[in-house]
There are 2 protein chains.
Amino acid sequence: MLRQHLTIEEYTKEIGEAVSARLSTSLPAAWEVPDTLRQAMEYSLMAGGKRLRPLLVVAAAEALGGNREAALSVACAVEMIHTYSLIHDDLPALDNDDFRRGKPTNHKVFGEAMAILAGDGLLTHAFYSVVQASREYGVPATAALSIVEELSRYAGPGGMVGGQVADMQGEQGVTDLNQLRYIHAHKTGDLIVFSAKAGGHLAAGSPEQLEALERYGRALGQAFQIQDDILDLIGDESKLGKKTQSDVKQQKVTYPYFIGIEASRSEVDRLTREAKEAVQDGKVPNPQRLVEIADMLLRRDH
Amino acid sequence: MLRQHLTIEEYTKEIGEAVSARLSTSLPAAWEVPDTLRQAMEYSLMAGGKRLRPLLVVAAAEALGGNREAALSVACAVEMIHTYSLIHDDLPALDNDDFRRGKPTNHKVFGEAMAILAGDGLLTHAFYSVVQASREYGVPATAALSIVEELSRYAGPGGMVGGQVADMQGEQGVTDLNQLRYIHAHKTGDLIVFSAKAGGHLAAGSPEQLEALERYGRALGQAFQIQDDILDLIGDESKLGKKTQSDVKQQKVTYPYFIGIEASRSEVDRLTREAKEAVQDGKVPNPQRLVEIADMLLRRDH
């Protein structure tokens, strides 16, 4: 079957499987790393999940005619960052979650100390995976360095880590809608923006193309997070793999809390349109998969 | 006063001050990062310490005729990595230390959750500092990418994080001398090796020069760690800024535990000679500071 004839669900599955295959060979070799550390890193990395960020890296690269193989290495990097953030987020000192994706969280299986170190290991190794894209798949050093720069910025203290801090402080009762938008933009949004832009860098995108991908990622990330808030309120527990209304129980304020479910749904629709328009203005040669991803996220029930 | 007339103590002080100055401007701007997160990162980063690793980056770069300004950005990166490792190491789930360098540890001041996130922030931002060396001081992208690659390798699961895991498992009673050597080589040694080699990359060192710096760093790192074990047994509490014999109390096995104090001292002497010889075989044009650093570490009493 020709690639362009795959439905978006088939395309997503194909990329997800390619990412999982690449991830399983992207950790350091067993002889290089203490056994338990490798097991702890692998446990969370291979626990599944949507692989949305890797999908965006590959789809954005391909939207500009870029190479899938190089994109898969950067896709692994972003999934390592996402996974480490979940491991640390689940720790007793933070969200104190016992389950993630229907499985016991990392620290419940390996202990707190190992979970902290497995997170540190994944975070550090993510940068190694970016360099591998350059070494093994011919990504120019300048492009790889731009990806390192953006990964450290979007995932760092001014990005994802900052969003995590704001979220934690929000639980202590200082949240208003602007604060919630800050949390969404950084805790979840930044890594989604990074993923789209990294695909652009890999395909040697122009500044205009990178800016289009950034706007796409920004709107998509917001839509995704509000949709998550909605699903968390109304979703079916078994599909989500975590307890619904857990945010309510933890006093975590969400988008529907501020503006209601229906207005939240309209906001998701609006942001989805905004994301699609960002890549459909002619600057991105093959935006179809990016558009389909936005629509697919709108349709999801988990 | 001409730079070459500085004593090694003066040179160390000069670099230490330059590193502290650069560090204080190298964190993200206040408006980019939640206040408390920035304070937590800064608290540990500016808490002093020997600044040994930054000194090695600069001295190794200068030994090959490299530029000090670019070296200072990479020196900041390695100090961020070192600092994050101390913050996470001190956490209750790991060493559970209340004091570090005579001050309350990060989690005692900011709480466990913030300490975990401040560590994550410093680790991530270290890679940004490497890119800055390229952006602001003209380090070629290929050299900067090699530094990113080595930083992720030496600080990652096969390096420092792996050493930390082995150390933690050692406390549970599985240590022999080989295991202790593994812990030393990775937990402490790898970042010291990285520092020397990064200086070499910054100065566009040849493969032979990089190999000489690697051997220097490897021997120096081992000597440094054994010396630390000795000082921890016999040193003066106020000079070390932490309780001596704390390792003994925690059942942490050390070099003197296996081979005695005198044999440990001989080993430090031998490794110091090995380090000096590595850079004195003619391949490194100006090895003097590197040699003096090795001698200075041998003389230290804290």
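Throughout, protein chains are lettered first and strands after them, A, B, ... in sequence-line order, and every chain is numbered starting at 1.
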Closest heavy-atom pair and its distance - Glu149(B), Val131(A) | CB-CG1, 3.7 Å

What closest approach, in Å, do Ser134(B) and Leu145(A) show between heavy atoms, and which atom pair accounts for it?
-> OG-CD2, 3.4 Å

Which residues from residues 19-32 of chain B are near chain A, with near meaning under 4.5 Å between non-hydrogen atoms?
-> Pro28(B), Glu32(B)

When the 4.5 angstrom heavy-atom criterion is applied to Arg135(A) and chain B, the contacting part is side chain

Measure Ser146(B) against the heavy atoms of chain A and call it side chain, backbone, both or neither at under 4.5 Å.
-> both

Between Met114(A) and chain B, which part of the residue has a heavy atom less than 4.5 Å away: side chain, backbone, both or neither?
-> both

Could you tell me how the ring of Phe127(A) sits relative to the ring of Phe127(B): parallel (under 30°), tilted (30 to 60°) or perpendicular (over 60°)?
-> parallel

Please collect all ring pair (Phe, Tyr, Trp, His ring centres under 6.0 Å) contacts where either partner lies in residues 128-158 of chain B, sequence neighbours excluded, each pair once.
-> His125(B)-Tyr128(B)

Minimum heavy-atom distance between Asp120(B) and Leu123(A), given as atom pair plus value = O-CD2, 3.9 Å

Taking all non-hydrogen atoms of both residues into account, name the closest pair between Leu37(A) and Gly162(B) and its distance.
-> CD2-CA, 3.9 Å

Kindly give the heavy-atom pair with the smallest separation between Ile116(B) and Ala93(A), and that separation in Å.
-> CD1-CB, 4.2 Å

Could you look at Leu91(B) and say if it's the side chain, the backbone, both or neither that has a heavy atom under 4.5 Å from chain A?
-> side chain

For each of Pro157(A), Ala155(A), Gly119(A), Pro92(A), tally heavy-atom pairs with chain B at distances under 4.5 Å, and name the one with the top tally.
-> Pro157(A)

Answer with side chain, backbone, both or neither: which region of Gln132(A) has an atom nearer than 4.5 Å to a non-hydrogen atom of chain B?
-> side chain

Which of the residues Ile81(A), Thr36(A), Leu117(A), Val130(A) is involved in the greatest number of heavy-atom pairs with chain B at under 4.5 angstrom?
-> Leu117(A)

